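One structure is given below, encoded as structure tokens.
Just so you know, these numbers come straight off a predicted model, no measurement behind them. Every chain is numbered from 1 and lettered A, B, ... according to where its sequence line falls, protein lines coming before strand lines. Atom set for the values below is all heavy atoms of this structure, side chains included, hydrogens, waters and symmetry mates excluded.
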Amino acid sequence: MLDHRLIRENPALVEEKLSVRGIKLNLSPLHKLTLSIKNKDIELSNLQSESNKISKLIGSYYHNQEDSSVFDINELKRKGNNLKTEISKLEQIKRDLNKQIIDEISKLPNFPSQNTPAGTDERQNIELRKWGDTSNKKNIKSHWDIGEKLNLFDTKRTSRISKSRFITLIGNGARLERALINFMLDSHYKNGYLELMPPALVNTESLRGSGQLPKFSNESFKCHEDDLWLSPTAEVPLTAFHKDEIINPKLLPLKYVAYSPCFRREAGSYGRDTKGLIRLHQFNKVEIYWYSHPDQSEEAHSQITSDAENILQELDLPYRVVDICAGDLGFSSSRTFDLEVWLPSSHTYREISSCSNCLDFQARRSSIRTKIDNKTTFLHTLNGSGLAIGRTMAAILENGQQDDGTVKIPDVLIPYFGSSLIKSN
RNA sequence: GGAGAGGUGGCCGAGUGGUUGAAGGCGCAGCACUGGAAAUGCUGUAUAGGGGCAACUCUAUCGAGGGUUCGAAUCCCUCUCUCUCCGCCA
């Protein structure tokens, strides 16, 4: 969430900063609301002050058994009563205004960073670096063909179990998924991350706090009976974990890693990536997350990105790093580096991790603070996939495929998987 | 699902109608003592929003929302969360 004071004091600046995302905003209605609530606030606190004075006067009378001729108690009570009705009227008005303001501000995305490239869509994203060998190989098969041949997963039966865009992993497929999760968790643990295993169902407030709501309610599955949602990413519970806390600056940065299943409705993606492991309603992901001192979040951003990259390098998967342009930036992020893994069958890089610096945007929404020079300040949050498991499996299948139809397992994964090759189940 | 007990500041924990924003302790910060540290002592230390150059000052906040009252952490109602016991259950 943006600072409402900034909207009150300089709406033009807010419009300008958000315009680089390609959104045209007219904040003047919201601006007027913020001004009028300020006026109501002043008026209200004057009335409350007066009311408090009267109460104290009456209190001192009862306490000291003062001569009632100094003031008329009943007259004072009458006055207090009148003030009370005025106050409650004003409070109601203020509550309504406040709700409107919060609703509107919650819909505004984060400011892109100074360093975020300009641009309106993904074509203006900037490739920062590449890693690994993407040289052409012959007879490359897609990961879904490989998966089908080796019987690693099933979609047809699964559509009977639930519906399309779900998958059942089978045998070596399931083992590989499990191996990847464990390998990634262990790897991040060695880099100083504390492992959390959060719930998959989260409440509305948690989704709001990390920025998935109110704008993207279509993207998540909801359990209406219980007012809970299936979490679309562990970023949600990881943000909410320290909600409403003031964190001792000595403890910063806090670094967490969490495995979680992720659930996304993928509304509006009909026909896209219908085959394979790329776009599913349910997938597994290992997420890394930092709570950072505000002065150090830029450094933290480089570090969290390289921690995610490290996984790809250990798995020997070719990838590139892309600096996401303002128009393509996620709602809560001010700067995002995407890691894109090489998928030789389609001769493309596909997103496998998104490492974002949200600055104080999520921290303000979730009220997560720290102390700097004895002043309470919102801290910064950063998140990154480390990595999306399904897409990692797709990349391993495609990059490790061999002429005889088997798939070579990356060395680091052998102890987890228990074999250096995937053969047919 | 049934019964009961609770939710107070960064943390623990007093506080049942009137200067209580809240004792005490811990933690934290500063100062003193020290060669340095530990221990000790002193001082300070909630959050948000107004006003003021500032000292300072006003308002709100004791799980949330209502109610009673001139006045509520304290009394009443609703909700919510946590804990204990019983039941059920991986």
**Item:** Results of ring pair (Phe, Tyr, Trp, His ring centres under 6.0 Å) for A:H188 - residues two or more places apart only
**Value:** A:Y193
[M] and [N], which share atom name [atom1], separated by this distance in whole Å:
N     : M     : atom1 : value
B:G21 : B:U61 : P     : 11 Å
B:C28 : B:C12 : P     : 16 Å
B:C86 : B:G71 : P     : 46 Å
B:G87 : B:U80 : C1'   : 24 Å
B:C31 : B:G50 : P     : 33 Å
B:C11 : B:G7  : C1'   : 15 Å
B:C75 : B:U16 : C1'   : 8 Å
B:A55 : B:G67 : P     : 38 Å

Please name the nucleotide paired to [N] by Watson-Crick or G-U wobble geometry with both distances under 3.5 Å, or report none.
N     : value
B:A22 : none
B:A73 : none
B:A48 : B:U59
B:U82 : B:A5
B:C42 : B:G30
B:A14 : none
B:G87 : none

**Prompt:** How would you list all residue pairs meeting salt bridge (Lys or Arg N to Asp or Glu O under 4.0 Å) that involve residues 228-250 of chain A, not counting sequence neighbours?
**Reply:** A:E205-A:K243
**Item:** Pairs touching residues 108-122 of chain A that satisfy salt bridge (Lys or Arg N to Asp or Glu O under 4.0 Å), sequence neighbours left out
**Value:** A:D121-A:R123
**Request:** Would you please indicate if the ring centroids of A:F361 and A:F331 are separated by under 6.0 Å?
**Result:** yes
**Message:** Can you work out whether A:I42 or A:K250 has the more 5'-proximal nearest nucleotide on RNA chain B?
**Reply:** A:K250
For atom [atom1] of [X] and atom [atom2] of [N], their distance in whole Å:
X      : N     : atom1 : atom2 : answer
A:L90  : B:G50 : CG    : P     : 17 Å
A:L379 : B:G10 : CG    : C1'   : 14 Å
A:H242 : B:G10 : NE2   : P     : 16 Å
A:D244 : B:G7  : CG    : C1'   : 14 Å
A:L47  : B:C58 : CG    : C1'   : 13 Å
A:R369 : B:A46 : CZ    : P     : 13 Å

Per-pair distances, 0.1 Å, donor-acceptor, side chain in residues 170-183 of chain A, under 3.5 Å, sequence neighbours excluded:
unit_1: A:N172; atom_1: ND2; unit_2: A:K423; atom_2: O; d: 3.2
unit_1: A:N172; atom_1: ND2; unit_2: A:N425; atom_2: OD1; d: 3.3
unit_1: A:R175; atom_1: NH2; unit_2: A:F417; atom_2: O; d: 3.1
unit_1: A:E177; atom_1: OE2; unit_2: A:N284; atom_2: ND2; d: 2.7

**Message:** Would the distance check show the side chain of A:S220 and the main-chain N or O of A:S217 forming a donor-acceptor pair, the cut-off being under 3.5 Å?
**Reply:** no
**Message:** Does a side-chain N or O of A:K371 approach OP1 or OP2 of B:U47 to a distance below 4.0 Å, or not?
**Reply:** yes
**Prompt:** Any Lys/Arg nitrogen of A:E287 or A:K285 sitting under 4.0 Å from an Asp/Glu carboxylate oxygen of the other?
**Reply:** yes
**Asked** So does A:D186 pair up with A:K190, basic N to acidic O under 4.0 Å?
**Response** no
Contacts of type salt bridge (Lys or Arg N to Asp or Glu O under 4.0 Å), residue [X], not counting sequence neighbours:
X      : answer
A:K89  : none
A:R335 : A:D323
A:R78  : A:E75

**Fill in**
Residues at least two apart in sequence or cross-chain that pass side-chain contact (heavy atoms from CB on, under 4.5 Å) with A:S45, listed by chain then number, are A:Q48
**Item:** Residues forming a side-chain contact (heavy atoms from CB on, under 4.5 Å) with A:L228, sequence neighbours excluded
**Value:** A:L201, A:N203, A:D226
**Fill in**
Protein-proximity profile, nucleotides 59-73 of chain B, B/S/- by nucleotide at the 4.0 Å heavy-atom cutoff, equals SS-----S--BBS--
**Request:** From the options B:G10, B:A48, B:G50, select the nucleotide whose nearest atom is closest to the side chain of A:I246.
**Result:** B:G10
**Prompt:** Does any residue of residues 289-296 of chain A have a heavy atom under 4.0 Å from RNA chain B, and if so, which ones, in number order?
**Reply:** none
**Request:** Specify the residues of residues 3-11 of chain A, ordered by number, for which at least one heavy atom lies under 4.0 angstrom from an atom of RNA chain B.
**Result:** A:R5, A:R8
